[in-house]
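I have placed the structure first, in the form of structure tokens, so that the comments after it can refer back to it.
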Amino acid sequence: MKKLILLAIALCVMLAWGCSKKVQTEPEVVVVEEKEVIVEQPAPAPVVDPMAVYKAEYDALPVTHTVTKGECLWWISEYKHVYNDPFMWPLIYKANRDKIKNPDLIYPGQQFDVPRYGFDLEEVKASRKEAGAPWKALEPGQDAVIPAEMRAALGYSF
């Protein structure tokens with residue numbers, strides 16, 4: 001009987017010891033493949049200089065004008081593709097003195113040069129004064145079509 005009791009105690013100790021032992025498992029290793037992701041960044045927008053854009057548009061304007069019936073220098077100068085300022089007509093008159101004897105008399109079919117460069121702000125002011133612009137507003141307006149450098153000197157935006 002002693003043997004059975006000793007055997008039962010040994011089995012109980014073995015069972016108790018076996019159940020109390022915790023099996024530590026190693027953490028499962030997960031292999032993750034790294035993929036290189038290339039993000040294409042959009043090309044930076046080219047820097048556009050507003051003055052250069054204005055200058056390019058100004059240079060693309062016509063440099064001559066053919067008179068049609070009913071036009072006068074005032075109207076020609078007022079056209080948006082010419083100066084967009086009727087008070088600047090003396091510039092056209094001075095550039096075409098060989099073709100215009102009287103600025104009040106121009107004829108259909110005459111072709112006039114429209115000066116784009118070769119005059120300064122003082123000449124523009126003198127032309128505007130000669131054309132009857134108010135003495136307080138001798139400088140061309142912001143919507144006048146004038147060279148970019150003159151526009152910048154006047155502090156107008158592009």
Side-chain angles (χ1 to χ4, degrees), residues 17-100 103-158:
W17 187 65
C19 290
S20 67
K21 186 178 177 184
K22 294 184 179 177
V23 178
Q24 294 185 0
T25 58
E26 293 182 20
E28 189 173 319
V29 177
V30 178
V31 178
V32 178
E33 291 184 30
E34 291 185 19
K35 293 182 180 179
E36 187 174 335
V37 178
I38 300 173
V39 178
E40 291 187 26
Q41 295 182 357
V47 178
V48 178
D49 181 19
M51 185 174 174
V53 171
Y54 177 84
K55 197 171 190 174
E57 290 174 357
Y58 183 80
D59 289 342
L61 292 173
V63 293
T64 60
H65 179 79
T66 303
V67 178
T68 59
K69 187 177 179 181
E71 287 183 328
C72 62
L73 291 176
W74 178 275
W75 287 3
I76 294 169
S77 181
E78 191 175 19
Y79 292 145
K80 289 187 178 187
H81 64 277
V82 178
Y83 293 128
N84 199 25
D85 184 355
F87 292 107
M88 292 175 64
W89 69 262
L91 290 176
I92 299 172
Y93 174 61
K94 289 174 186 173
N96 297 283
R97 284 202 176 208
D98 57 331
K99 301 173 190 170
I100 305 171
D104 294 328
L105 297 175
I106 58 173
Y107 302 99
Q110 285 183 302
Q111 188 168 12
F112 298 143
D113 296 328
V114 178
R116 295 292 177 195
Y117 295 100
F119 54 87
D120 60 8
L121 183 58
E122 294 306 317
E123 290 178 81
V124 172
K125 286 181 179 179
S127 293
R128 289 179 53 82
K129 184 177 181 180
E130 182 181 342
W135 65 272
K136 289 183 178 178
L138 292 181
E139 293 179 351
Q142 289 193 13
D143 55 346
V145 179
I146 52 177
E149 294 80 13
M150 190 179 300
R151 190 172 186 80
L154 289 169
Y156 298 156
S157 62
F158 291 98

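FYI, side chains are in, hydrogens and waters are out, and symmetry mates aren't considered; it's all heavy atoms of this structure.
Under the 3.5 Å distance criterion, the side-chain polar atoms of Asn84 are left unmatched by any main-chain donor or acceptor of Val145. Panel note: side chain Arg116, backbone Pro62; a donor-acceptor pair is recorded below 3.5 Å. Remark: side-chain polar atoms of Glu57 are not paired, donor with acceptor, to backbone N or O of Tyr54 under 3.5 angstrom. With hydrogens and angles disregarded, no donor-acceptor distance shorter than 3.5 Å links the side chain of Arg128 to the backbone of Phe87.
Here the closest non-hydrogen pair linking Ala95 and Asp113 is CB-O, 4.3 Å. Taking both residues in full, the closest heavy atoms of Met51 and Ala152 are given as CE-CB, 4.4 Å, listed atom of the first, atom of the second, then distance. Taking both residues in full, the closest heavy atoms of Leu121 and Pro140 are given as CD1-CD, 4.0 Å, listed atom of the first, atom of the second, then distance. When all heavy atoms are compared, the tightest approach of Pro90 to Glu130 is CB-OE1, 4.0 Å.
To the nearest 0.5 Å, atoms CG (Asp59) and CG (Leu61) are separated by 8.5 Å. If you take CD1 on Ile92 and CZ on Phe112, they are separated by 8.5 Å, rounding to the nearest 0.5 Å. Residue Asp120 holds its CG atom at 12.0 Å from CD1 of Ile146, rounded to the nearest 0.5 Å. Here CD1 of Ile106 is found 12.0 Å from NZ of Lys99. Values are rounded to the nearest 0.5 Å.
With a 4.5 Å cut-off on side-chain heavy atoms, Met88 and Val124 count as touching. Between Pro103 and Arg97, the closest side-chain pair of non-hydrogen atoms is not below 4.5 Å. Side chains of Phe119 and Pro147 form a contact here, defined as non-hydrogen atoms less than 4.5 Å apart.
The salt bridge (charged side-chain N to carboxylate O under 4.0 Å, His left out) contacts involving residues 135-158 comprise Lys55-Glu149, Lys125-Glu139, where partners must be two or more places apart or lie in separate chains.
Residue Lys129 qualifies as open at atom NZ: its count of foreign heavy atoms under 6.0 Å is 12 or below.
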Residues 27-37 side chain polar contacts: donor-acceptor under 3.5 Å, at least two apart:
none

Please list every donor-acceptor pair under 3.5 Å in which a side-chain atom of residues 72-83 meets a protein atom from a residue at least two apart or in another chain.
residue, atom, partner, partner atom, Å
Ser77, OG, Asp85, O, 2.6
Ser77, OG, Trp89, N, 3.3
Tyr79, OH, Glu71, OE2, 2.6
Tyr83, OH, Pro115, O, 2.5

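With ring centers used as reference points, Phe158 lies 6.0 Å or more from Tyr58.
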